[in-house]
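First comes the structure, then the notes that go with it.
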Amino acid sequence: MRPGGADALLFDLGGVVIDIDFNRAFARWAAHAGCDERLVRERFSPDAAYNRHEIGEIGIEDYSASLRASLDLDLTHAQFLDGWNAIFIGEIPGIAGLLARAAQHLPLYAFTNTNPTHAAVWSAEFAGALKHFKTIFVSSSIGLRKPDAEAFRFVVNEIGVPANRILFFDDSPHNIAGARACGLQTVLVKAAKDVAAALAALGLIS
């Protein structure tokens with residue numbers, strides 16, 4: 001990574017721009033069902049229904065029914081939604097300022113694996129930070145999700161910049177590996193300082 005080494009920046013949202021914690025959902029569901037939160041945590045997994053929901057193949061009602069069955073919890077749909085939407089904590093500290101400074105030099109884009117229900121929440125709650133993105137690619141809207149090669153090829157084509165001139169930030173090693181396989185430059189993000197360091201290496205901030 002060097003000054004002038006990228007023509008566009010592509011960011012994951014959850015874990016990079018927005019702090020999320022699924023334990024908050026597990027706690028809500030356990031409270032509603034009157035059971036041990038640990039059991040909910042152990043039973044939950046991003047299964048086939050979860051992935052289908054994230055690419056828009058099934059809606060929230062079908063996914064809710066599937067998840068309640070796999071968790072073996074007696075929850076109403078409203079109680080499910082109460083936990084489902086509780087995962088959002090806030091902006092990653094310092095990230096909004098970094099995005100604002102980077103956007104003065106390069107176009108910013110985001111690519112997130114998510115569903116319409118969550119998208120409705122984060123688009124409203126975090127509009128201040130998200131306004132710096134020219135486009136946010138949402139998996140459930142485009143029918144493709146990370147780390148699939150087809151998903152990255154779609155996003156690169158939409159951005160209109162060669163893959164090797166796009167720098168991608170994500171907190172998932174699997175997504176980073178998928179992006180690298182498609183030729184993108186990558187930064188594995190563990191904290192906002194990782195984003196800051198990459199932006200500084202590109203000469204976008206000092």
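Only heavy atoms go into these numbers, but all of them, side chains included; no hydrogens, no water, no symmetry mates.
For residues 141-152, the salt bridge (charged side-chain N to carboxylate O under 4.0 Å, His left out) pairs, not counting sequence neighbours, are Asp12-Lys146, Glu54-Arg145, Lys146-Asp170. Within the structure, the salt bridge (charged side-chain N to carboxylate O under 4.0 Å, His left out) test picks out no pair touching residues 180-196 (sequence neighbours left out). Contacts classified as ring-ring contact (aromatic ring centres under 6.0 Å, His included) and involving residues 182-206 (residues at least two apart or in different chains) are not found. Listed by first and then second residue, the side-chain hydrogen bond (donor to acceptor under 3.5 Å, both in side chains) pairs that reach into residues 123-133 come to none, sequence neighbours excluded.
Not counting sequence neighbours, the partners of Ile60 by the side-chain contact (heavy atoms from CB on, under 4.5 Å) test are His53, His77, Phe80, Leu81, Trp84, Thr117. Remark: Glu158 pairs with no residue by the salt bridge (charged side-chain N to carboxylate O under 4.0 Å, His left out) rule, at least two apart or across chains. Taking the side-chain contact (heavy atoms from CB on, under 4.5 Å) definition, one finds that Asp74 meets it with nothing, sequence neighbours left out. A search for side-chain contact (heavy atoms from CB on, under 4.5 Å) contacts involving Ala8 returns Pro107, Tyr109, Ile159, Val161, Ile166, not counting sequence neighbours. The salt bridge (charged side-chain N to carboxylate O under 4.0 Å, His left out) check on Arg28 picks up Asp82, with sequence neighbours excluded. Glu42 meets the salt bridge (charged side-chain N to carboxylate O under 4.0 Å, His left out) test with Arg38; sequence neighbours excluded. Here Leu71 pairs with Trp29, Val40, Arg43, Phe44, Leu67, Leu73 under the side-chain contact (heavy atoms from CB on, under 4.5 Å) rule; sequence neighbours left out.
Of the possible donor and acceptor atoms, one in the side chain of Arg24 sits under 3.5 Å from a partner among the backbone N and O of Phe88.
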Return all side-chain donor-acceptor pairs below 3.5 angstrom for residues 90-100, not counting sequence neighbours, or 'none' if the list is empty.
none

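Considering only heavy atoms from C-beta on, Asn23 comes within 4.5 Å of Phe26 through its side chain. In this structure the side chain of Tyr63 never reaches within 4.5 angstrom of the side chain of Asn115, judged on heavy atoms. Considering only heavy atoms from C-beta on, Val17 stays 4.5 Å or farther from Trp122 through its side chain.
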Tell me, with the steps shown, if Leu9 and Leu202 meet side chain to side chain contact (heavy atoms under 4.5 Å, CB included).
CA-CA 11 Å; Leu9 305 179; Leu202 289 173; 3.9 Å; yes
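Among the candidates Ser64, Ser70, Ser66, the single residue satisfying the side-chain hydrogen bond (donor to acceptor under 3.5 Å, both in side chains) test with Arg68 is Ser64.
Taking the six-membered ring for Trp and the full ring otherwise, the centers of Phe168 and Phe111 sit at least 6.0 Å from each other.
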